[in-house]
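Below: one structure in structure tokens.
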There are 2 protein chains.
Amino acid sequence: MRLYSFFRSSASYRVRIALALKGLPYETVSVPMRDQSHRSDSYRRINPQMRLPTLELDDGTRLIQSLAIIEYLDAAYPEPRLIPADPLERARVQAVSQIVGSDIHPLNNTGVRGVLASMFGASEQALDTEWTPHWIHEGFAAIEQLIAPAPFAFGSGITLADVCIVPQVYNARRYKVPLDEFPRVLAVDAAAQAHPAFQTAAPEAQPDAA
Amino acid sequence: MRLYSFFRSSASYRVRIALALKGLPYETVSVPMRDQSHRSDSYRRINPQMRLPTLELDDGTRLIQSLAIIEYLDAAYPEPRLIPADPLERARVQAVSQIVGSDIHPLNNTGVRGVLASMFGASEQALDTEWTPHWIHEGFAAIEQLIAPAPFAFGSGITLADVCIVPQVYNARRYKVPLDEFPRVLAVDAAAQAHPAFQTAAPEAQPDAA
């Protein structure tokens, strides 16, 4: 398999964690977002949405959207299982994952920051100190009430919720957003950081880290 | 079952479609977003994220986040199946659903519009004619390449992709975003609008429509 990825891309980071947890080998194809490589014609042919990541399977099939990719990996390579089979447990894990994947991260990604700057004159400072913290606080405040670390978000096994929380904590730290109000989120992050798969998948461990 | 819903809420609309397709009866509890009812203390006790919808099961269990709720319904009431069982087909359907659910709708919802106005002075006009169309265009341009209506997004059966596309087309029309560039998206919407479940779930058919 081949992962079109960028070290800092939060959605790529999620898929890297899932691949590492399942012990699946893959080749990294770096798509440096900082020089807009994801908007190039060549990458558009790989991923019509021009976003990261894309997972290319050995037969050339390409999958996009990190949560859809992880659901595929979880069905095709069920060990260890990241999304519970029980419908209610599954819904709880998916709800937390969607809070990160729909209501925090898409508002704070690089593309949105660019549009906010060009369309509304949002300054870097306002983005870093007002906009970004606002959505992280709203989302983490809800997640804080939905998880009960033991030590992972939903018990002793790692789930998709942990896979989503950790890259979002990384982003929050990158923008220096205080997280003291969210001890459960921080506990999940600390437990995950001690796990080798999360270390392997971390931004700074990637071949394109800079 | 009880659905905390608002007629215009796009995420509520998705869950209403799924409930109607599966023929599941439910009681609607209206949470009028226009007077900020979803931010009240009483609703916070129902849904810690203070967003719509919430599905309350007969035993009192509450589920949040529309896509997580629909996955639950699809597992608990598999007829008709909205999310394919085959991992690759599933990933394709989920990818389109996530483009709507992560990369279009969360950027254009009422809460975000409010923050854009207060934080960056975004005018109603700029939100309606620049910001909203921008994200709809980006997302629909990708979806246009990922679906092949026959007549639904992934063939003759309705999937989660259709359930997500239709409320997003409704939103696009509400903000008068031209959709001529997206004939496939429009074809899916037209096919779905002819189906009784989509009619039952439509905003204007809700008890709290105004």
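Numbers restart at 1 for each chain; the letters A, B, ... are given by sequence-line order, proteins then strands.
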Verdict with supporting geometry, R90(A) and Y72(B), side-chain contact (heavy atoms from CB on, under 4.5 Å)
CA-CA 7 Å; R90(A) 186 178 187 95; Y72(B) 165 79; over 6 Å; no
Heavy-atom pair with the smallest gap, counting every atom of A126(B) and F120(A)
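Minimum heavy-atom separation between A126(B) and F120(A): CB-CE2, 3.8 Å.
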In terms of heavy-atom proximity below 4.5 Å to chain A, should L63(B) be classed as side chain, backbone, both, or neither?
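Only the side chain of L63(B) comes within 4.5 Å of chain A.
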Please report the closest heavy-atom contact between S102(B) and S102(A), naming both atoms and the distance.
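So the minimum-distance heavy-atom pair works out to OG-OG, 3.6 Å.
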Given heavy-atom pairs under 4.5 angstrom as the criterion, report whether the side chain, backbone, both or neither of E130(A) touches chain B.
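Backbone plus side chain of E130(A), per the 4.5 Å heavy-atom cut-off to chain B.
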Relative to chain A, which segment of Q145(B) carries a heavy atom at a distance below 4.5 Å: side chain, backbone, both, or neither?
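Looking at Q145(B), just its side chain touches chain A.
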Between D86(B), L146(B), V115(B), I143(B), which shows the greatest number of heavy-atom pairs under 4.5 Å with chain A?
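Option with the top pair count is V115(B).
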Approximate separation, where rounding is to 0.5 Å, of S97(A) OG and L67(B) CG:
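Between atom OG of S97(A) and atom CG of L67(B) there are 11.5 Å.
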Any R92(B) side-chain heavy atom under 4.5 Å of Q65(A) side chain:
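R92(B) does not reach Q65(A) side chain to side chain.
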Within-4.5 Å side-chain heavy-atom neighbours: Q98(B) and I69(A):
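Contact flag for Q98(B)/I69(A) side chains = no.
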Does the pair R39(A)/E138(B) count as a salt bridge with the N-to-O cut at 4.0 Å?
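Salt bridge between R39(A) and E138(B), a charged N being under 4.0 Å from a carboxylate O: yes.
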Among I99(A), N109(A), D74(A), residue most engaged with chain B (heavy-atom pairs, under 4.5 Å)
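Winner by heavy-atom pair count: I99(A).
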